[in-house]
There are 2 protein chains.
Amino acid sequence: MKPIQHTPDSSGLEPARPVKNELLEARVAGVRNASLAEKRREQICDAALELFLQKGFASTTIRDICARSGVNQASIYDYISNKNDILRRLLNRLWFRSGAPSLPDLLEQHPENSLQDNVAFYLKEFWSKRRKGTLLAYRTVPHLTKEDRKTMRARDEQLISRLAESIEDLTQLPENDPRTLVVANLVLFMASFGPLRDWLHQDLDNDLVADTVAAAIVAMIENLARYSPEQ
Amino acid sequence: MKPIQHTPDSSGLEPARPVKNELLEARVAGVRNASLAEKRREQICDAALELFLQKGFASTTIRDICARSGVNQASIYDYISNKNDILRRLLNRLWFRSGAPSLPDLLEQHPENSLQDNVAFYLKEFWSKRRKGTLLAYRTVPHLTKEDRKTMRARDEQLISRLAESIEDLTQLPENDPRTLVVANLVLFMASFGPLRDWLHQDLDNDLVADTVAAAIVAMIENLARYSPEQ
DNA sequence: TGTTATGCCTGACAAATGTCAGCAAAGTGT
DNA sequence: ACACTTTGCTGACATTTGTCAGGCATAACA
């Protein structure tokens, strides 16, 4: 298992590409069979995710991950390049390609539904599909490179500015009103409400919570429209 | 410096006291002079806080903390009992005794102000006085004992149930409507909005953000009153 | 059946970490 | 000036950690 070639951890190489839309996964060539490698990587990532959420990133050891995934301590480096590489792969899976729909998309695709219904659906999807990604992201910020943090923030900002446009449409506010941005931020934040606080209200029915939060969001937006500056 | 007696880290001793309202700080008797010890402890905690927020709890080493606080690596154990003890002291300072007012208190003490103004004031206070505590709490959850986590949750639940009562008063909803609980949760969560997302909208004016969020909260509450079940 | 390619694992290393024993230094009161 | 108390610190310990070199087993192939 000789020729392991890693892509360097922090590659400040690229000539100013404007926005990356994923974190860079190191190329690891320890194992020839690509599909096997992918399968192992998945084992590793699954185990690591559990542990990271349970014990935190820094106090989860490679040995823990190996034990839980059944991969040998030495072999693991045939599949991933280092501990941070695992984290990056997880964030790519769970944060960048979570499969959760964006609210603007939903509004576009289902104009027949009420705003409240669309928002409620959005929240439920987000809470189920991005729960772990959200938790992971909020908790591991300190362990990311500046570069990686910037990439994650860029993703958020992109979502938010699209959302702000939607809110502009809904409220008929002018483009330069900064409050649309604040509310867009707030909506995205409330989409993180479920994951981030699930340690608290485990006794409340999830659908009820989603519906109530959706109603709150709708009220927020309508309120914004009501107090718009005369135009 | 012999007779160091530590209170054990996880003392499951007490005979079922119902709710603790702080984390247990270990008693450390390495240094006789109490006020000096307190001063040193403060140095240590200040340094540790900076580092915990910057690098995360687990990857901050005792050596880091010593270097930054100017306390010697050996001496530090004359003032604190271990790394987790520092964290607990910090959370006590910043989470349990932050000095930020609670919204119900504000409403009671200043009925002459509008709800919106009270909420806005509450948010600003919370964001300035509990910023670090919130960040610390959300990020270090995995490093706390089950016991400690329970204590923190209890504090939150206490705040929330008081807040839920206030909301009941404002909306005239019956006592058993679970939505007041959800909204109370939400309000507390939005109070964490500023701290948790300050990595994002550093370009927006803080007062504007607070006012917009306050308006959103008021809208949420009024909306709740509007769609109350007929009684 | 013998050879080879490929994935797997034992064992280890250097570095870092939490923790402290025991001594040096600095006050403090006489 | 001296004895004693209280604080600070050098140096080190046992462990844990990330990481890997190099050999081993096995299955494919000749």
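Within every chain, numbering begins at 1; the chains are lettered A, B, ... in the order of the sequence lines, protein sequences first and strands thereafter.
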Length of the CG-P vector between A:L36 and D:dA28, whole Å: 13 Å
Output the distance between atom CG (B:L136) and atom CG (B:L91), rounded to the nearest 0.5 Å.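 Spacing of CG (B:L136) from CG (B:L91) equals 5.0 Å.
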Just the rounded figure in Å: distance from C1' of C:dT19 to CG of B:N72.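 After rounding, the reported distance stands at 12 Å.
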Please give, in whole Å, the distance from C:dC9 P to A:D78 CG? 11 Å
For the pair B:E50 and B:K132, find out whether any cationic side-chain nitrogen is under 4.0 Å from an anionic carboxylate oxygen. yes
Under the criterion side-chain hydrogen bond (donor to acceptor under 3.5 Å, both in side chains), which of A:R93, A:R41, A:R68 is the partner of A:D46?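 When side-chain hydrogen bond (donor to acceptor under 3.5 Å, both in side chains) is applied between A:D46 and each of A:R93, A:R41, A:R68, only A:R93 qualifies.
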Assign B:I76 to base, sugar-phosphate, or nothing according to its heavy-atom contacts below 4.0 angstrom with the strands shown.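 Nothing, no heavy atom under 4.0 Å.
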Would you kindly give the OH-to-P distance between B:Y79 and C:dC20, to the nearest whole Å? 16 Å
Hey, does the side chain of A:R40 come within less than 4.0 Å of C:dC8's phosphate (OP1/OP2), counting only N and O? yes
Angle of first-five versus last-five pair axes in the helix from C:dG2-D:dC29 to C:dT30-D:dA1, to 10 degrees: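 End-to-end axis angle for the helix from C:dG2-D:dC29 to C:dT30-D:dA1: 0°, rounded to 10°.
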Using atom names, set out every protein N or O paired with an N or O of nucleotides 14-18 of chain D below 3.5 Å, distance rounded to 0.1 Å.
{"from": "D:dG18", "atom 1": "OP1", "to": "A:K83", "atom 2": "NZ", "distance (Å)": "3.0"}
{"from": "D:dG18", "atom 1": "OP2", "to": "A:I62", "atom 2": "N", "distance (Å)": "2.8"}
{"from": "D:dG18", "atom 1": "N7", "to": "A:R63", "atom 2": "NH1", "distance (Å)": "2.9"}
{"from": "D:dG18", "atom 1": "O6", "to": "A:R63", "atom 2": "NH2", "distance (Å)": "3.2"}

B:N33 has a side chain; which of C:dC9, D:dG8, D:dT7 sits nearest to it?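 Nucleotide nearest to B:N33's side chain: D:dT7.
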OG1 on A:T140 to CG on A:L90, rounded to 0.5 Å: 9.0 Å
Test salt bridge (charged side-chain N to carboxylate O under 4.0 Å, His left out) applied to A:K55 and A:D64, step by step: CA-CA 10 Å; A:K55 316 176 37 174; A:D64 290 338; 2.8 Å; yes
Find the distance A:R41:CZ to C:dG7:P and express it as a whole number of Å. 12 Å
Should the pair B:D156-A:R197 be classified as a salt bridge under the 4.0 Å nitrogen-to-oxygen rule? yes
Identify whether the distance between the nearest side-chain nitrogen and carboxylate oxygen of A:E42 and A:R89 falls below 4.0 Å.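 Looking at A:E42 and A:R89, the cut-off is not met.
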Tell me which nucleotide among C:dC8, C:dA21, D:dT7 gets nearest to the side chain of B:A74. C:dA21
Can A:E165 and A:R162 be counted as an ion pair, charged N to O under 4.0 angstrom?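 Looking at A:R162 together with A:E165, the answer is no, because their closest N to O distance does not fall below 4.0 Å.
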With sequence neighbours left out, what residues match A:F189 under ring pair (Phe, Tyr, Trp, His ring centres under 6.0 Å)? B:F189, B:F193
